[in-house]
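Below you'll find the structure, written out as structure tokens, and then a few comments.
Just so you know, ligand 1 is whichever comes first in the structure, and atom 1 is the first atom listed for that ligand. Computed from a prediction, not measured in an experiment: that's the story for all the values here. For reference, positions follow the sequence shown, starting with 1.
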Amino acid sequence: MTFRSIALAAVGLSVLAGPAMAQNYPTRPVTMVVPFAAGGPTDTVARLIAQSMSQTLGQQVVVENVGGAGGTLGAGRVAKAEPDGYTVLLHHIGQATSATLYRKLPYKTLEDFQTVGLVTDVPMTIVARKDFPAKDMKELVEYVKANKDKVTLANAGVGSASHLCGMLFQDAIKTQLTTVPYKGTGPAMNDLVGSQVDLMCDQTTNTTGQIKGNAIKAYAVTTKDRLASLGDLPTVAEAGLAGMTVGVWHGVYAPKGTPAPVVEKLSGALQTALADQTVIARFAELGTTPEPKERATPAAHDQHLRAEIARWKPIIEAAGTFAD
Ligand code: MLT
């Protein structure tokens, strides 16, 4: 056989393998990488949709937590994975902000991933340890300014949503605080409840239960309107921090090169999960709602990611916060 005929045969096989592989996909469990520690908000979203996607796909979607470097370690793992549909990433707004925050990323954000679909846009809450000496945002800002050298602010590393919100908060009150990074706001929440750290800006998917259980204090929510799930908690605008209206959107990614029929199957299973009553009800308890079906598509997610990179780039550059 000539080299040409071997090459043609290989191409023929790969073309055949594509539709045939996609037709039977998945034939084994799918790994969903969460780039933060277990027990945090991203993990919560992942496990909810993974459960439903497992039923639709007929194979287990297994969540694997790969924390570190503000989510970029876990994202890097998926960027380098086989593009066969058996490794996907659930990430959030950090996928967009890290493109500017990090001068050296272990991947190219717009070239190494295939978008699958948007999942949900989660509000954030400004919270403190339960014995923090401030009854409202006005007192909190006064106390923080007067004690800026000793107040600590937890986050999940540069590139995390809690880091972004913390950056906006410090910018809004024109005061830099000591930040304490964790591999996720799951472990950070343990320290906040234990009064080992003073403040955090974290997603309602992680703070709602602790707020309702009076294990931490809440001062504002970062949505335009108040949340039914958090009663009379004021918005950041009502609390005098209008520039802090921000949501943490989440999306599912596959490695670039994943066959289109496989991506379509993953997006279809995601859309089914977002219409699942169990998912909808749990999201509502945690202060969020699923993205509409038309946004849980590869194209809508890709468009949103590009727009968000462009949106946050000047804001991050003006704040001057970067990671090496
Ligand atoms: C987490 O799941 O730990 C959070 O999403 C981290 C963050 O982005 O703040």
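- When Gly157, Pro35, Ala161 are ranked by how near their heavy atoms come to atom 7 (C) of ligand 1, first place goes to Ala161.
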So Val151 and Thr175, side chain to side chain contact (heavy atoms under 4.5 Å, CB included) or not? Walk me through it.
-> CA-CA 11 Å; Val151 171; Thr175 305; over 6 Å; no
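- Legend: salt bridge (charged side-chain N to carboxylate O under 4.0 Å, His left out) pairs involving residues 209-237, not counting sequence neighbours, sorted by first then second residue: Arg226-Glu238.
- For atom 5 (O) of ligand 1, the nearest non-hydrogen atom from the set Asn65, Asp43, Val122, Thr42 comes from Thr42.
- Judged purely by distance below 3.5 Å, without hydrogens or angles, the side chains of Tyr182 and Asn190 never pair a donor atom with an acceptor atom.
- For the residue pair Thr44 and Thr205, no side-chain donor N or O sits within less than 3.5 Å of a side-chain acceptor on the partner.
- When hydrogens are left out, the protein atom nearest atom 9 (O) of ligand 1 is Ser162 OG, 2.6 Å; that is the closest non-hydrogen contact.
- For ligand 1, the atoms lying closer than 4.0 Å to a non-hydrogen atom of Gly184 are 3 (O).
- Near Ser160, meaning under 4.0 Å from any of its heavy atoms, are these atoms of ligand 1: 7 (C), 8 (O), 9 (O).
- Contact between Gly94 and ligand 1 is absent, with no heavy atom of the residue lying under 4.0 Å from the ligand.
- Taking every heavy atom of His92 and a limit of under 4.0 angstrom, the matching atoms of ligand 1 come to 5 (O), 7 (C), 8 (O).
- Heavy-atom neighbours of Glu285 CD from other residues, nucleotides or ligands within 6.0 Å: above the threshold of 12.
- Formation of a donor-acceptor pair under 3.5 Å by the Thr56 side chain with backbone atoms of Ala269 is not found in this model.
- In summary, the atoms of ligand 1 found under 4.0 Å from a heavy atom of Ala156, numbered by their order in the structure, are 6 (C), 7 (C), 9 (O).
- In this model, no donor atom of one side chain and acceptor atom of the other lie less than 3.5 Å apart for Tyr253 and Thr258.
- Near Gln203, meaning under 4.0 Å from one of its heavy atoms, ligand 1 places the atoms 4 (C), 5 (O).
- Remark: ligand 1 atoms within the under-4.0 Å shell around heavy atoms of Thr185 are 1 (C), 3 (O), 4 (C), 6 (C), 9 (O).
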